[in-house]
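Below: one structure, written as structure tokens.
A quick note: this is a predicted structure, and the numbers were derived from the prediction, not measured.
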Amino acid sequence: MLWAVIGYSLAHGVPHLASFEPDAIKDERTKALAQMVAVSIDPEFADAHEDYPTRVAVTLKDGRTVEKMVVFASGTAKNPMSAAQLRDKFFDCAAHAKVARGNAEKIAAILDKLGDQASMSELWPLLRKA
């Protein structure tokens, strides 16, 4: 599955929840790029158990290699997401859960002021399944 997500990311950019759905994985460009992917465990990281460092190396047609390493995954305490990234992720998750955009925006607004809320009475109806 990892090869498919890498293929998707190469074709379409940052993966979202929909990137893991069958239609996304069946995408012809994703499949073509995924067939070019080889996944292996970097011996340098074999004993990593908490930080999950990742190295991606792309070999270009001309033989050059472009490499990027990230020691701490995005969203971890050592590499926290920005407020904008968190908000984007929230709306992606809400859309995947079939929460109407208007309701998702109301939920986000309530959560933005969570410490200031005198009551959660406005939140509970928004969380119920329709």
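- When atom types are taken as modelled, the side chain of Gln85 and the backbone of Ser82 share a donor-acceptor pair closer than 3.5 angstrom.
- The 12-atom threshold is exceeded at NZ of Lys31, counting heavy atoms of other residues, nucleotides or ligands nearer than 6.0 Å.
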Q: Verify side chain to side chain contact (heavy atoms under 4.5 Å, CB included) between Leu17 and Cys93, making sure each step is shown before the conclusion.
A: CA-CA 7 Å; Leu17 288 175; Cys93 291; 3.9 Å; yes
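- Cluster annotation: Leu114 is connected to Phe91 through the hydrophobic network of ILVMFWY side chains, with a link wherever side-chain heavy atoms come within less than 4.5 Å.
- Using a 4.5 Å heavy-atom threshold, the side chains of Thr30 and His12 count as touching.
- In this structure, Asn103 CG and Leu127 CG are separated by 9.5 Å, a value rounded to the nearest 0.5 Å.
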Q. Where do Arg29 and Asp27 land on the salt bridge (charged side-chain N to carboxylate O under 4.0 Å, His left out) test, with the steps shown first?
A. CA-CA 6 Å; Arg29 189 163 178 220; Asp27 174 73; over 6 Å; no
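- Between His96 and Glu21 the shortest heavy-atom distance is CE1-OE2, 2.8 Å.
- Two residues are said to be in side-chain contact when any heavy atoms from C-beta on lie closer than 4.5 Å; Pro53 and Val70 fail this criterion.
- Atom CD of Glu105 and atom CG of Asp112 lie 11.5 Å apart (nearest 0.5 Å).
- Counting heavy atoms from C-beta outward, Thr65 and Val58 have side chains that stay 4.5 Å or more apart.
- Criterion: ILVMFWY side-chain heavy atoms under 4.5 Å apart, direct or through other members. Under it, Leu10 and Val66 are not part of a common hydrophobic cluster.
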Q: List the steps and the verdict of side chain to side chain donor-acceptor pair (under 3.5 Å) for His16 and Asp88.
A: CA-CA 10 Å; His16 300 281; Asp88 288 346; over 6 Å; no
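- For the residue pair Ala73 and Asn79, the shortest heavy atom distance occurs at O-CB, 3.5 Å.
- Looking at Ile107 and Phe90, their side chains come closer than 4.5 Å, going by heavy atoms from C-beta outward.
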Q: List the steps and the verdict of salt bridge (charged side-chain N to carboxylate O under 4.0 Å, His left out) for Lys106 and Glu122.
A: CA-CA 9 Å; Lys106 290 175 187 175; Glu122 291 181 42; over 6 Å; no
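- Sparse packing is recorded around CG of Asp47, with 12 or fewer heavy atoms of other residues, nucleotides or ligands lying under 6.0 Å away.
- Residues Leu33 and Val39 share a hydrophobic cluster, clusters being chains of Ile/Leu/Val/Met/Phe/Trp/Tyr side chains in contact below 4.5 Å.
- Formation of a donor-acceptor pair under 3.5 Å by the Asp42 side chain with backbone atoms of Thr54 is not found in this model.
- Within the model, atoms CD1 of Ile110 and CD of Gln117 stand 6.0 Å from one another, a figure rounded to the nearest 0.5 Å.
- A continuous path of Ile, Leu, Val, Met, Phe, Trp and Tyr side chains, each step under 4.5 Å between heavy atoms, connects Val99 with Leu126, placing both in one hydrophobic cluster.
- The two residues Ala18 and Ala24 have their closest heavy-atom pair at O-CB, 3.3 Å.
- Here the side chain of Thr76 pairs no donor or acceptor atom with the backbone of Phe72 at under 3.5 angstrom.
- Here the side chains of Arg55 and Lys68 are not in contact, with every heavy-atom distance at 4.5 Å or above.
- No side-chain heavy atom of Val56 sits under 4.5 Å from any side-chain heavy atom of Met69.
- Residue Ile25 is not grouped with residue Tyr8 when hydrophobic side chains (ILVMFWY) are merged at heavy-atom distances under 4.5 angstrom, including chains of intermediate members.
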